[in-house]
S.K.: 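Sharing a structure with you now.
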Amino acid sequence: MSLKFNSKYVEGVVSASDLAAMEQRAKDALETLNNKSGLGNDYLGWVTLPEDYDKEEFSEIKKSAEYIKNNADVLIVIGIGGSYLGARAVIEACTSNNYNLICKDTPQIYFIGNSISSAALNEVVSLCEGKDICVNVISKSGTTTEPAIAFRVFRELVYSKYSNEEAAKRIFCTTDKSKGTLKALADKEGYKTFVVPDDVGGRYSVLTAVGLLPIAVAGIDIDLLMKGAADAMKDYNGECFNCNDVLKYAALRNCLYEKGKRLECFVSYEPSMAMFNEWLKQLFAESEGKNGKGLFPVSCVFSTDLHSLGQFIQESGADLMFETVVKFNSVDSDYIIKADEENVDGLNFLAGDKMSSVNEKARLGTLLAHTEGGVGNLVIEAEKADEYNIGYLIYFFEKVCAVSGYILGINPFDQPGVESYKKNMFALLGKPGYENEKERLEKQLGL
């Protein structure tokens, strides 16, 4: 297996008997997932996606990525939630959180339509000045407020820079295969389209065209990404509890939850993994946070956050939280610390050490400190942050989330709570059909 899962550092919190009591529930949850007999079973297309994905569309994604690389300085990716988090997570994990500053043979990639900030929108528009651009808009319906506003702006920008014929070649729509506002517009204008599968929810969609087109534009090998996910699919399909780390991790998360833990902190020691943590937060929060249940996912990048949140975690975290740490055993680029003749900072004892070695000692020191402080640590090791291992990690976490949700007794594939703010926003904006609600809400807010 590509990953190594170490649960030794929660043994002080979860006993062997606790885990044994959760074992059958985890096996039952996996069986429910495999048999497609549970809640939300019409959204299980991701389970076998790494093997049975549309090979013809996959080839078209590569062709479109090459077109964009050859014809654009900038790719604008428009989407919110699962329509942008996964792609950005993979791009930064496999390259750098400074991708747009260091990319040479591939376009800069800006993600927009994930907020309603006019400042953010105007900034990206200004960054496109004097540059050739392509746009990838990702929306199942085409009417989600945040990306729809952004698409209005960037569609107009494309048509202002190019002829109608050329503009049509530069807009790529990832949307429903047959219906919806965006699909109708794409068919009318002749935009290239890719499919958001009906049976894959947004937060599980990174390995579909939703994520793969931007990822491929960044020069990332999507064949290796899918190979990693396909191997994880095979490795984590068995029902042997001691052989399947998906079962053990899902079981431990639920043991910790039943012992009163309410936060799971996803930790990395590489800044390039910050957006991967953001993807994990959406995956677990939307999947498990319902019916008054679920762990609240937060994230940290250490050692950075040890100088801001470390105090709280160390001395007030024991009753509240546990940590899940993703560790990579090797790095693409290292640095040898040099001796300083005057040794003004007192760090000559590190002379000759690799920076990666210092980072690892910081991890081990933190592991010991936090576990001694009562904050359990679950450690997931991968060899390196490359396409294969990131693909493997994606599938691992997706399956853990689904199994864990079924253990919890909820539907891991819906998100009814997301609609509440939208209804209020539409009413306050005066959207037709919401007139009665508008008056009530304005009165409630004292407007």
Side-chain angles (χ1 to χ4, degrees), residues 5 7 10 13-14 18-19 21-34 36-47 80-82 85-86 89 199-206 236 244-267 276-300 317 319-326 375-378 380 393-421:
F5 177 60
S7 59
V10 294
V13 185
V14 178
D18 292 330
L19 188 58
M22 189 65 69
E23 178 177 334
Q24 190 58 49
R25 289 170 63 184
K27 289 181 177 179
D28 290 344
L30 179 61
E31 184 178 8
T32 297
L33 182 65
N34 289 340
K36 299 184 177 181
S37 57
L39 295 170
N41 56 35
D42 47 346
Y43 284 96
L44 296 181
W46 61 271
V47 175
I80 193 167
L85 275 171
D199 58 356
V200 180
R203 56 190 176 274
Y204 288 83
S205 67
V206 59
Y236 299 119
N244 189 338
D245 286 337
V246 162
L247 290 178
K248 285 193 282 186
Y249 179 30
L252 283 164
R253 293 181 76 251
N254 279 275
C255 285
L256 289 158
Y257 177 71
E258 293 191 355
K259 285 183 173 292
K261 309 303 179 187
R262 289 299 175 261
L263 301 181
E264 178 174 15
C265 185
F266 292 104
V267 176
F276 194 91
N277 285 352
E278 292 300 305
W279 174 73
L280 287 173
K281 283 160 65 174
Q282 188 209 8
L283 178 67
F284 284 95
E286 277 197 348
S287 296
E288 293 190 325
K290 56 201 70 167
N291 302 337
K293 298 181 179 181
L295 288 158
F296 186 80
V298 296
S299 68
C300 288
D319 293 332
L320 181 66
M321 65 192 297
F322 66 95
E323 294 170 314
T324 292
V325 180
V326 176
V375 178
N377 268 237
L378 298 167
I380 297 165
L393 275 168
I394 286 168
Y395 191 87
F396 172 80
F397 279 113
E398 286 179 343
K399 198 150 195 178
V400 166
C401 187
V403 171
S404 186
Y406 280 143
I407 294 174
L408 198 58
I410 49 88
N411 179 354
F413 308 109
D414 67 353
Q415 54 280 335
V418 175
E419 300 304 314
S420 297
Y421 93 89

S.K.: For Cys255 and Val14, work out which heavy atoms get closest and say how close.
M.R.: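 Shortest heavy-atom separation between Cys255 and Val14 comes out as CB-CG1, 3.9 Å.
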S.K.: Report the residues that fulfil side-chain contact (heavy atoms from CB on, under 4.5 Å) with Ala251, sequence neighbours left out, ordered by chain and then residue number.
M.R.: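 Per chain and number, Ala251 pairs via side-chain contact (heavy atoms from CB on, under 4.5 Å) with Leu19, Met22, Ala26, Phe241.
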S.K.: OG of Ser287 to CD of Gln415: how many Å apart, nearest 0.5 Å?
M.R.: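 Between Ser287 OG and Gln415 CD, I get 8.0 Å after rounding to 0.5 Å.
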S.K.: Answer yes or no: is there a side-chain heavy-atom contact under 4.5 Å between Phe413 and Trp46?
M.R.: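 Yes; the side chains approach each other to less than 4.5 Å.
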S.K.: Could you give the side-chain donor-acceptor pairs of residues 398-410 under 3.5 Å, partners two or more places apart or in another chain?
M.R.:
| residue | atom | partner | partner atom | Å |
| --- | --- | --- | --- | --- |
| Lys399 | NZ | Tyr236 | O | 3.3 |
| Lys399 | NZ | Asn237 | OD1 | 3.4 |
| Ser404 | OG | Arg253 | NH1 | 2.7 |
| Ser404 | OG | Asn254 | ND2 | 3.0 |
| Ser404 | OG | Glu288 | OE2 | 2.7 |
| Tyr406 | OH | Leu39 | O | 2.6 |

S.K.: How long is the straight-line distance from CG of Leu280 back to CZ of Phe397, given to the nearest 0.5 Å?
M.R.: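 Between atom CZ of Phe397 and atom CG of Leu280 there are 5.0 Å.
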S.K.: With sequence neighbours excluded, tell me which residues meet side chain to side chain donor-acceptor pair (under 3.5 Å) with Asn277.
M.R.: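 Partners of Asn277 by the side chain to side chain donor-acceptor pair (under 3.5 Å) criterion come out as none, since no residue qualifies.
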S.K.: Taking C-beta and beyond as the side chain, do Val325 and Leu378 meet within less than 4.5 Å on heavy atoms?
M.R.: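 No; the side chains remain at least 4.5 Å from each other.
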S.K.: Less than 4.5 Å apart, any side-chain heavy atom of Val200 and any of Leu44?
M.R.: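 Not touching, per the 4.5 Å side-chain cut-off.
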S.K.: With sequence neighbours excluded, what pairs up with Asp18 under the side chain to side chain donor-acceptor pair (under 3.5 Å) test?
M.R.: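 Checked Asp18 against side chain to side chain donor-acceptor pair (under 3.5 Å); matches are Ser15, Lys259.
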S.K.: Between CG of Leu393 and CD1 of Ile380, what distance do you get to the nearest 0.5 Å?
M.R.: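 Those atoms lie 7.0 Å apart.
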S.K.: Let me confirm one number: the NZ-CD distance from Lys27 to Glu23, rounded to the nearest 0.5 Å.
M.R.: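 Taking NZ in Lys27 and CD in Glu23, the distance rounds to 4.0 Å.
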S.K.: Before giving the answer on salt bridge (charged side-chain N to carboxylate O under 4.0 Å, His left out), spell out for Glu258 and Arg25 the whole-Å C-alpha distance, their side-chain angles and the decisive distance to 0.1 Å.
M.R.: CA-CA 13 Å; Glu258 293 191 355; Arg25 289 170 63 184; 2.9 Å; yes
S.K.: For residues 290-299, pull every pair meeting side-chain hydrogen bond (donor to acceptor under 3.5 Å, both in side chains), keeping only residues two or more places apart or in separate chains.
M.R.: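 Counting only pairs at least two positions apart or across chains, the side-chain hydrogen bond (donor to acceptor under 3.5 Å, both in side chains) contacts touching residues 290-299 are Lys290-Asp414.
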S.K.: So, using ring-ring contact (aromatic ring centres under 6.0 Å, His included) as the criterion, who are the partners of Phe5 when residues are at least two apart?
M.R.: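 Phe5 satisfies ring-ring contact (aromatic ring centres under 6.0 Å, His included) with Tyr249 once adjacent residues are dropped.
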S.K.: Could you tell me which residues satisfy side-chain contact (heavy atoms from CB on, under 4.5 Å) with Ser420, sequence neighbours excluded, listed by chain and number?
M.R.: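 side-chain contact (heavy atoms from CB on, under 4.5 Å) check on Ser420 returns nothing, list empty.
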S.K.: If I take atom CG from residue Asn377 and atom CZ from residue Phe322, how far apart are they, to the nearest 0.5 angstrom?
M.R.: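 Interatomic distance, Asn377 CG to Phe322 CZ, rounded to 0.5 Å: 10.0 Å.
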S.K.: Of all the heavy-atom pairs spanning Ser7 and Leu252, show the shortest one and how long it is.
M.R.: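 Between these two residues, the closest heavy atoms are CB-CD1, 3.5 Å.
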S.K.: Strictly distance-based, threshold 3.5 Å: is any side-chain N or O of Arg262 a donor or acceptor partner for the main-chain N or O of Met321?
M.R.: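 Side chain of Arg262 to backbone of Met321: no pair is present.
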S.K.: Who pairs with Glu286 by salt bridge (charged side-chain N to carboxylate O under 4.0 Å, His left out), at least two apart in sequence or on another chain?
M.R.: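 By the salt bridge (charged side-chain N to carboxylate O under 4.0 Å, His left out) rule, Glu286 matches Arg203.
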S.K.: I'd like to check the ring-ring contact (aromatic ring centres under 6.0 Å, His included) partners of Phe266; sequence neighbours left out, ordered by chain and number.
M.R.: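 Phe266: ring-ring contact (aromatic ring centres under 6.0 Å, His included) contacts with Phe284.
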S.K.: Search all heavy atoms of Leu295 against all heavy atoms of Lys261 and return the closest pair with its distance.
M.R.: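 Heavy atoms only, the tightest pair is CD2-O, 3.4 Å.
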S.K.: Listed by chain and number, what are the salt bridge (charged side-chain N to carboxylate O under 4.0 Å, His left out) partners of Glu31, not counting sequence neighbours?
M.R.: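 Here no residue qualifies.
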S.K.: Report the residues that fulfil side chain to side chain donor-acceptor pair (under 3.5 Å) with Gln24, sequence neighbours left out, ordered by chain and then residue number.
M.R.: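 Residues passing side chain to side chain donor-acceptor pair (under 3.5 Å) with Gln24: Asp28.
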S.K.: Looking at CG of Asn41 and CG of Asp199, how far apart are the two atoms once the value is rounded to the nearest 0.5 Å?
M.R.: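 Here the rounded value is 11.0 Å.
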S.K.: Tell me every residue that passes side chain to side chain donor-acceptor pair (under 3.5 Å) with Lys36, counting only those two or more places apart in sequence or in another chain.
M.R.: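 Expected list: none.
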S.K.: Above 12 or not: heavy atoms from other molecules or residues under 6.0 Å from OH of Tyr43?
M.R.: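 12 or below, so no.
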